[in-house]
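From a predicted model like this one, the values you see are computed outputs, not experimental measurements. Residue numbering restarts at 1 for every chain, and letters A, B, ... go by the order of the sequence lines. Values below: all heavy atoms of this structure, side chains included; hydrogens, waters and symmetry mates excluded.
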Protein chains: 2
Amino acid sequence: MTEFTKAEEKIFDAAKEEFIERGFDGARMQSIADRAGISKAALHYYYRSKDKLFKKVVNFIFNMVFQNIKQKIEEEQPFEAKVRSIIEMYMNILFQHQAVVFFLFSELMKYPRILDEMIPKQEKMLTLSKAYEIEVNKGTIRRIDSRHLILNVVSMCIYPILGKPLIIRILGFTNEEYKVFLQERKDQVFEFVMKSLRP
Amino acid sequence: MTEFTKAEEKIFDAAKEEFIERGFDGARMQSIADRAGISKAALHYYYRSKDKLFKKVVNFIFNMVFQNIKQKIEEEQPFEAKVRSIIEMYMNILFQHQAVVFFLFSELMKYPRILDEMIPKQEKMLTLSKAYEIEVNKGTIRRIDSRHLILNVVSMCIYPILGKPLIIRILGFTNEEYKVFLQERKDQVFEFVMKSLRP
DNA sequence: GTCTATAAATTGATAGAC
DNA sequence: GTCTATCAATTTATAGAC
C-alpha cells in the first residue's frame with residue numbers, strides 16, 4: 001500500500017504497539033516517540049497528528065486480519081473442505097493476533113465510523129459459492145439461509161477469542177488450558193456445523 | 001446492593017452514560033459533573049476518584065447483564081425448552097443493552113483484571129443439568145462436550161451484537177434491517193443447534 | 001531531519017469559603 | 001453539601017536552533 005522509509009517504519013511499529021496496548025484515548029504520543037527512540041517533535045514531523053497516525057494503524061491492522069480470511073472464503077473448493085479450512089484458518093489467525101483483535105473490536109465499538117473508510121463494498125462474503133449449491137442439489141446437505149450459516153461459523157470462531165477474559169474465568173481455565181481447548185475446538189465446530197447440515 | 005441517595009443516584013447515572021459513551025480513558029470528570037448538574041468538586045466529594053467511580057459502574061452493569069442470564073441457565077426445564085429460552089432471552093437482553101455490552105467487552109478487553117473482583121467462582125454455567133442427560137439417555141440427542149455446546153450457543157447469540165459495526169457493513173444492512181435479521185435469527189440458531197444434536 | 005524548549009490546553013484532584 | 005478558584009501534572013502540538 002504505502003511506501004515506508006526505515007524511520008517511518010520504526011515509528012509505525014511503535015505506534016502499533018502503543019495503540020494496541022492502550023487504545024486511542026489511552027495512547028500517548030510521548031510513549032510512541034520513546035518506543036521508536038526519537039523525540040516527540042520528530043514524531044509529529046512524520047505524522048502530523050495523533051489522529052492521522054491512529055487511522056493509518058487501524059487501517060493496516062484491519063487489512064492484516066481480514067485480507068487472508070476474505071481470500072480464503074472466496075477461494076473455489078469442495079464445500080466440506082471449504083468449511084474446514086475456513087474454520088481452521090480463521091481460528092489460527094484470530095488466536096495468533098489476539099491482542100490485535102481485541103484492539104480492533106474494542107476501538108471499532110467506540111468509533112464504528114472508522115469502518116466507513118475501510119469497507120470496500122464487498123458483498124462477496126455472503127455467497128457460499130457454487131460448492132454449497134452443488135451439495136444441496138445432490139441432497140447431501142440441507143438448504144439453509146447462507147447469511148445465518150456464515151454468521152454461525154464466524155461467531156463460533158471469533159467469540160471464543162473476544163470473550164476470552166470472561167470465558168476463562170467462568171470455565172476456570174488457565175491460559176495454557178484454554179489454548180488446548182481452542183485447538184480441539186476446531187474439530188468440534190466443524191463437526192457441529194456439518195452435523196447440523198445433514199438433510 | 002448499595003443504597004443510594006437521590007444525589008448519588010443522579011451522579012451514578014451520569015457516570016454510566018459518560019463511561020458507556022467514552023470508556024474509562026475517554027471519560028471526563030467534568031463531563032460527568034455537567035451531566036449530573038453539579039460541580040466537579042461535588043463529584044469528588046461523593047466518589048473520591050475516577051477509578052473508584054468507574055469500578056462501581058462496571059460492577060453494576062456487569063450484574064445487570066449477566067444476572068438474569070445466569071439465573072435462566074440454572075433454571076430446571078426440559079432440554080429443548082431450555083435451549084430455546086436461553087437463546088430467546090440472551091439475544092433479547094444483549095440487543096436491548098447493546099451500548100452497555102459494547103462498553104463492557106471493550107473495557108474488559110483492555111482491563112481484564114477488573115473481572116477478578118467480579119466473578120464469584122461460578123462453575124454452574126457449564127453443567128447442562130439433568131435435562132440434557134435425560135435426553136441423551138433416551139437417545140433423543142447425541143452426546144457432545146457440554147462446554148463446546150454452551151460456547152457455541154453463546155457465541156451465536158453474542159457475536160452478532162459485538163460484531164454489529166462490522167457485520168452490517170459487510171452484509172449491507174441498515175440498522176432497521178439488522179434488527180429484523182436478529183429477530184428471525186432466534187429461530188435460526190435454535191434450529192441450527194437442535195439439528196446438530198440429532199443422534 | 002532531529003533535537004530542546006515551550007506553548008496552550010486539559011485533566012484529576014484539593015483547599016477553603018459559605 | 002456545594003460552590004469557586006486553583007494546583008500540579010500531563011497532553012498534544014509547535015517554534016526555532018543545529
Side-chain angles (χ1 to χ4, degrees), chain A residues 1-61 103 106-108 110-111 113-114 117, chain B residues 1-61 103 106-108 110-111 113-114 117:
Chain A
M1 295 283 199
T2 321
E3 295 286 320
F4 279 121
T5 67
K6 265 177 233 162
E8 274 176 308
E9 198 173 337
K10 209 168 53 177
I11 293 174
F12 197 76
D13 286 342
K16 264 192 297 184
E17 287 177 28
E18 176 76 3
F19 281 130
I20 287 170
E21 278 177 29
R22 309 203 199 289
F24 178 76
D25 292 318
R28 300 292 167 235
M29 294 296 269
Q30 181 64 64
S31 177
I32 294 174
D34 291 345
R35 286 180 199 256
I38 54 164
S39 72
K40 240 190 329 181
L43 175 58
H44 274 91
Y45 172 80
Y46 283 100
Y47 301 88
R48 308 171 68 132
S49 72
K50 187 183 180 184
D51 215 78
K52 284 189 172 126
L53 182 51
F54 180 70
K55 278 181 181 161
K56 286 205 176 178
V57 168
V58 171
N59 214 308
F60 177 88
I61 289 178
F103 162 74
S106 178
E107 296 301 305
L108 294 184
K110 250 192 193 167
Y111 314 108
R113 291 294 168 81
I114 302 180
E117 307 165 17
Chain B
M1 293 282 199
T2 321
E3 296 286 320
F4 279 121
T5 67
K6 264 177 232 163
E8 274 176 308
E9 198 173 335
K10 208 167 55 177
I11 293 174
F12 197 75
D13 287 341
K16 265 193 296 186
E17 286 177 28
E18 175 76 3
F19 281 129
I20 286 171
E21 278 178 29
R22 308 202 199 289
F24 178 77
D25 291 319
R28 301 292 166 236
M29 294 297 269
Q30 181 65 64
S31 177
I32 294 175
D34 292 345
R35 286 179 198 255
I38 54 164
S39 71
K40 240 193 326 181
L43 175 58
H44 274 91
Y45 172 80
Y46 283 101
Y47 301 88
R48 309 170 67 132
S49 73
K50 187 182 179 184
D51 216 78
K52 284 188 173 129
L53 182 50
F54 180 70
K55 279 181 181 161
K56 285 205 176 178
V57 168
V58 172
N59 213 308
F60 178 88
I61 289 178
F103 162 74
S106 177
E107 296 301 305
L108 293 184
K110 252 193 193 168
Y111 314 108
R113 291 294 168 79
I114 302 179
E117 307 164 18

- Message: One character per nucleotide, please: for nucleotides 4-10 of chain C, 5' to 3', B when the base has a protein heavy atom closer than 4.0 Å, S when only the sugar-phosphate does, - otherwise.
- Response: B------
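The interatomic distance linking B:M29 (CE) with C:dT14 (C1') rounds to 12 Å, in whole Å. Rounded to whole Å, the distance from CD on B:Q30 to P on C:dT11 is 8 Å. Look at NE2 on B:H44: it is 4 Å from P on C:dA13, rounded to the nearest Å.
Minimum heavy-atom separation, B:M29 to B:L43: O-CD2, 3.3 Å. Counting all heavy atoms, side chain and backbone alike, B:I32 lies closest to B:I11 at CG2-O, 4.3 Å. Contact between B:A27 and B:K50 at its shortest, heavy atoms only, is O-NZ, 2.9 Å. Contact between A:Q30 and A:K40 at its shortest, heavy atoms only, is OE1-CE, 3.2 Å.
Interatomic distance, CD1 of A:I20 versus CD1 of A:I61, reported as 4.0 Å (0.5 Å rounding). Rounding to the nearest 0.5 angstrom, the gap separating the CZ atom in A:F103 from the NZ atom in A:K16 is 11.0 Å.
Annotation: side-chain contact (heavy atoms from CB on, under 4.5 Å) contacts of B:K10 (sequence neighbours excluded): none. In this view, B:F54 and B:F19, B:F24 satisfy the ring pair (Phe, Tyr, Trp, His ring centres under 6.0 Å) rule, not counting sequence neighbours. Partners of B:E107 by salt bridge (charged side-chain N to carboxylate O under 4.0 Å, His left out), not counting sequence neighbours: none found.
Applying a 4.0 Å cut-off to non-hydrogen atoms, none of the residues of residues 9-27 of chain A approaches DNA chain C.
A:R35 and A:E21 are joined by a salt bridge, as a carboxylate oxygen and a charged side-chain nitrogen come within less than 4.0 angstrom of each other.
The outermost nucleotides of DNA chain D lying under 4.0 Å from heavy atoms of chain B, listed 5' to 3', are D:dG1 to D:dT4.
Mapping B:Y46 and A:R48 onto DNA chain D via the closest heavy atom, the residue that lands nearer the 5' end is B:Y46.
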